[in-house]
Amino acid sequence: MIIGGANVQDGRTFEADVCIVGSGAAGLTLALDLARRGASVILVESGGMVFQKQSNDLLDIELGGQSTPALIAGTRERFFGGTTNHWGGVCRTFDDFEFEPHPWVPNSGWPFGLDALDPYYTAAAALLGLPEVRRTYDPEALGVADRPALVRPTERDLQAAIWRRVPLERVRMGPWRKDEVSSNPKIQCVVHTTIAQIHPGPSGEKITSMEGRTFSGRTLHFRARDYVLCTGAVENARLLLASDAVVPHGLGNEHDLVGRYFMDHPANVLGQLLLTDPDAPASQEEHLAENELVGWTTTPAARRAHKLQGFMSWVFPRRPPEKLPYELAIRELVQPLGQRQKPSSSRYLNIVINWEQSPNPLSRVTLSPKLDALGIRKPHLHWAVTAEDLASAKKSCELFSVAVARAGLGRVHLEEVAGPVITMGGGHQMGTTRMSIAPKDGVTDVNGRVHSLDNLFVGGSSLFPTGGWQHPTFSIVALALRQADFLSSRHR
Ligand SMILES: Cc1cc2nc3c(=O)[nH]c(=O)nc-3n(C[C@H](O)[C@H](O)[C@H](O)COP(=O)(O)OP(=O)(O)OC[C@H]3O[C@@H](n4cnc5c(N)ncnc54)[C@H](O)[C@@H]3O)c2cc1C
């Protein structure tokens with residue numbers, strides 16, 4: 001059932017086994033899987049069923065540090081389906097290397113290994129309509145072995161990798177899953193209702209209710225055995241920090257860690273690839289199927305040897321020779337598959353990169369004294385990039401350029417990875433409620449439960465203690481399925 005909060009009687013209380021806040025990739029996956037397993041669920045969504053400026057304006061954020069509007073603009077959506085209303089649908093698992101702590105990257109590593117998530121990656125692939133969890137880049141199997149390769153398979157520092165795209169009919173998770181939500185008797189989905197406060201009991205160890213506000217002036221209450229915040233990395237931290245009426249400095253913030261370790265995958269134009277022969281047969285990567293993408297990443301051996309963080313690079317299809325502005329490049333990526341432009345021959349191709357930031361406690365979300373239209377304190381983002389982050393990105397670019405030159409297909413004209421060009425967000429916000437074994441090292445435990453609260457959980461990429469280089473949403477969905485498993489067994 002989908003209920004418009006604006007017209008509900010003021011003061012009404014909703015009750016269920018689990019209350020989930022936010023209907024994006026994490027919240028929708030969790031709600032529907034919990035309902036499938038027999039739990040009753042309240043799903044509270046701030047926006048309505050379609051984009052509305054009034055709801056989206058609640059995302060307004062103060063920027064500090066190296067944050068720029070380009071880092072954050074257009075990276076979040078406030079309506080049913082959340083940011084999957086404009087994501088690119090590009091999926092890849094984390095590899096086991098990304099779960100390990102890397103001695104050259106402070107604060108890196110996950111509290112569990114790939115084996116803990118692998119069964120849920122399988123379930124996530126089935127859910128999202130991906131034919132398999134991992135596809136190895138194998139030119140023979142792909143039938144493109146006779147084509148020239150931009151980076152040779154024997155290259156020692158770089159390797160080709162394959163990403164899968166979610167099929168068109170499942171990319172926009174709101175429209176895809178709306179009917180399942182509205183027809184499910186186990187789910188009460190309350191839209192146009194923004195959670196403003198999380199109320200703990202007097203001991204501060206258990207949540208007793210959440211308070212929602214509407215633009216029509218109603219205050220609604222939500223009671224459940226367990227509560228899960230799935231509002232994105234900035235808003236999850238904001239809600240915990242803003243709920244400070246009983247516990248000073250906010251919920252789960254005993255060690256001053258809520259909001260810290262904010263990470264993204266900053267995006268840059270690495271430079272232009274100058275093809276040796278623009279009329280030569282296209283390289284093997286251009287022959288892959290529409291729902292697959294190929295890119296390049298540094299090998300674990302190269303990362304150990306050069307002390308590097310993660311890195312991925314993509315060459316945009318053959319296009320006119322002008323430099324492709326970043327915004328246009330992103331639009332190209334997120335376009336529905338059928339509308340993507342046919343490649344045209346050109347001597348210059350743009351190369352775009354995303355790189356991993358180290359988990360840095362000084363990169364953080366705090367609260368501004370300013371209030372939004374519903375009286376909730378706005379978030380302030382101090383995004384910090386370290387000199388080591390930049391040096392790692394720069395070295396990775398060099399390794400990529402050398403690998404391309406060695407393959408003999410072309411040469412890369414490198415742009416400088418420094419200054420304002422780095423502050424383009426990848427739209428992959430992570431890390432603000434990181435998981436850890438010990439409460440002093442993170443906000444949440446291995447199940448996403450806030451360490452200091454018995455029944456408050458967090459979902460989404462704010463749980464990631466290390467960002468890796470892979471796109472986050474496939475892992476967000478896998479984590480949500482894992483959390484559904486855990487929460488339903490807890491109720492049983
Ligand atoms: C341009 C772009 C392209 C992208 N492409 C890819 C890609 O190809 N592959 C990939 O893996 N990732 C991609 N991403 C990232 C992806 O969109 C996110 O990782 C994913 O949507 C996060 O899911 P989530 O459920 O955690 O948060 P969201 O999807 O942001 O959902 C959060 C939900 O919470 C609601 N909410 C917020 N605050 C409140 C509140 N107080 N009360 C009630 N509800 C609230 C919001 O309205 C929203 O519905 C892309 C992002 C951008 C910006």
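Order of appearance sets the numbers: ligands from 1, and atoms from 1 within every ligand. When reading the values below, keep in mind they use all heavy atoms of this one structure, side chains included, and skip hydrogens, waters and symmetry mates. In this text, all values refer to a predicted model and were calculated from it rather than measured experimentally.
By the criterion of a heavy-atom distance under 4.0 Å, neither the backbone nor the side chain of Leu58 is placed next to ligand 1. Residue Arg76 does not touch ligand 1, judged by heavy-atom distances below 4.0 Å. When non-hydrogen atoms are compared, ligand 1 lies under 4.0 Å from the side chain of Ile476 (C-beta onward) but not from its backbone. Of the heavy atoms in Cys230, only backbone atoms (N, CA, C, O) come closer than 4.0 Å to ligand 1. Of the heavy atoms in Phe79, only backbone atoms (N, CA, C, O) come closer than 4.0 Å to ligand 1. Under 4.0 angstrom from ligand 1, the non-hydrogen atoms of Val21 all belong to its side chain.
Ligand 1 lies out of reach of Cys91, whose nearest heavy atom is not under 4.0 Å from it.
For ligand 1, the polar-atom distance check against Ala26 finds a nitrogen or oxygen pair separated by under 3.5 Å. Looking at Ala25 next to ligand 1, an N or O pair under 3.5 Å apart turns up. Distances between N or O atoms of Gly89 and those of ligand 1 include at least one value under 3.5 Å. Residue contacts with ligand 1: His86 is placed with no nitrogen or oxygen under 3.5 Å of a nitrogen or oxygen of the ligand (distance criterion only). In terms of polar-atom proximity, Glu45 is counted as a contact of ligand 1, with an N or O under 3.5 Å from an N or O of the ligand. Considering both main-chain and side-chain atoms, Gly27 never comes within under 3.5 Å of ligand 1 through any nitrogen or oxygen pair.
Scanning Leu229, Thr29, Thr231 for the heavy atom closest to atom 39 (C) of ligand 1 points to Thr231. Considering Leu374, Thr83, Leu43 only, the shortest heavy-atom separation from atom 21 (O) of ligand 1 involves Thr83. Atom 42 (N) of ligand 1 has its nearest heavy-atom neighbour, among Thr75, Ile195, Leu239, Ile72, in Ile195. Checking His428, Glu77, Gln429, Arg78 against atom 13 (C) of ligand 1, the nearest heavy atom belongs to His428.
One N or O on the side chain of Thr214 and one on the backbone of Ser216 form a donor-acceptor pair closer than 3.5 Å. With hydrogens and angles disregarded, a donor-acceptor distance shorter than 3.5 Å links the side chain of Glu45 to the backbone of Ser23. Arg225 contributes no side-chain N or O that, together with a main-chain N or O of Cys19, makes up a donor-acceptor pair within less than 3.5 Å. Under the 3.5 Å distance criterion, the side-chain polar atoms of Asp264 are left unmatched by any main-chain donor or acceptor of Met430. Looking at Ser46, its side chain never comes within 3.5 Å of a backbone N or O of Thr194 through a donor-acceptor pair.
The atoms of ligand 1 that sit less than 4.0 Å from any heavy atom of Thr193 are 43 (C). Counting atoms of ligand 1 from 1 in the listed order, those under 4.0 Å from a heavy atom of Val44 are 43 (C), 44 (N). The atoms of ligand 1 that sit less than 4.0 Å from any heavy atom of Gly82 are 29 (O), 31 (O), 48 (C), 49 (O). Close contacts of ligand 1 with His471, meaning ligand atoms under 4.0 Å from a residue heavy atom, involve 7 (C), 8 (O), 9 (N), 10 (C), 11 (O). Against a heavy-atom cut-off of under 4.0 Å, Gly74 is close to the following atoms of ligand 1: 53 (C). Set against the non-hydrogen atoms of Val90, the atoms of ligand 1 under 4.0 Å away are 7 (C), 8 (O), 9 (N), 10 (C), 11 (O). Within ligand 1, the atoms closer than 4.0 Å to a non-hydrogen atom of Gly88 are 3 (C), 4 (C), 5 (N), 6 (C), 7 (C), 8 (O), numbered from 1 in the order shown. In summary, the atoms of ligand 1 found under 4.0 Å from a heavy atom of Thr473, numbered by their order in the structure, are 10 (C), 11 (O), 12 (N), 13 (C), 15 (C), 16 (C), 18 (C), 19 (O), 20 (C).
Remark: the Ser392 side chain and the Gln309 side chain contain no N/O donor-acceptor pair separated by less than 3.5 Å.
Atom OG1 of Thr297 is separated from atom CD1 of Ile353 by 11.5 Å, given to the nearest 0.5 angstrom.
A salt bridge links Arg164 with Glu292; the closest basic N to acidic carboxylate O contact falls under 4.0 Å. Between Asp485 and Arg482 there is no salt bridge, since no side-chain N of the basic residue sits under 4.0 Å from a carboxylate O of the acidic one. Using a 4.0 Å cut-off between charged nitrogen and carboxylate oxygen, Lys378 and Glu62 do not count as a salt-bridge pair.
Stacking of Arg78 on the aromatic ring of Phe51 is not recorded, the 6.0 Å distance cut-off and the 45° axial limit not both being met. Judged by a 6.0 Å distance limit and a 45° cone about the ring axis, Arg364 is not positioned over the six-membered ring of Phe262.
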Report the C-alpha distance between Trp314 and Trp163 in whole Å, list the side-chain angles of each, state the deciding distance to 0.1 Å, and finish with yes or no for ring-ring contact (aromatic ring centres under 6.0 Å, His included).
-> CA-CA 11 Å; Trp314 318 67; Trp163 282 257; 4.6 Å; yes
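Annotation: side chain of Pro465 is not in contact with side chain of Asn107 (no heavy-atom distance under 4.5 Å).
Taking the six-membered ring wherever Trp is involved, the centroid distance between the rings of Phe311 and Trp296 does not fall below 6.0 Å.
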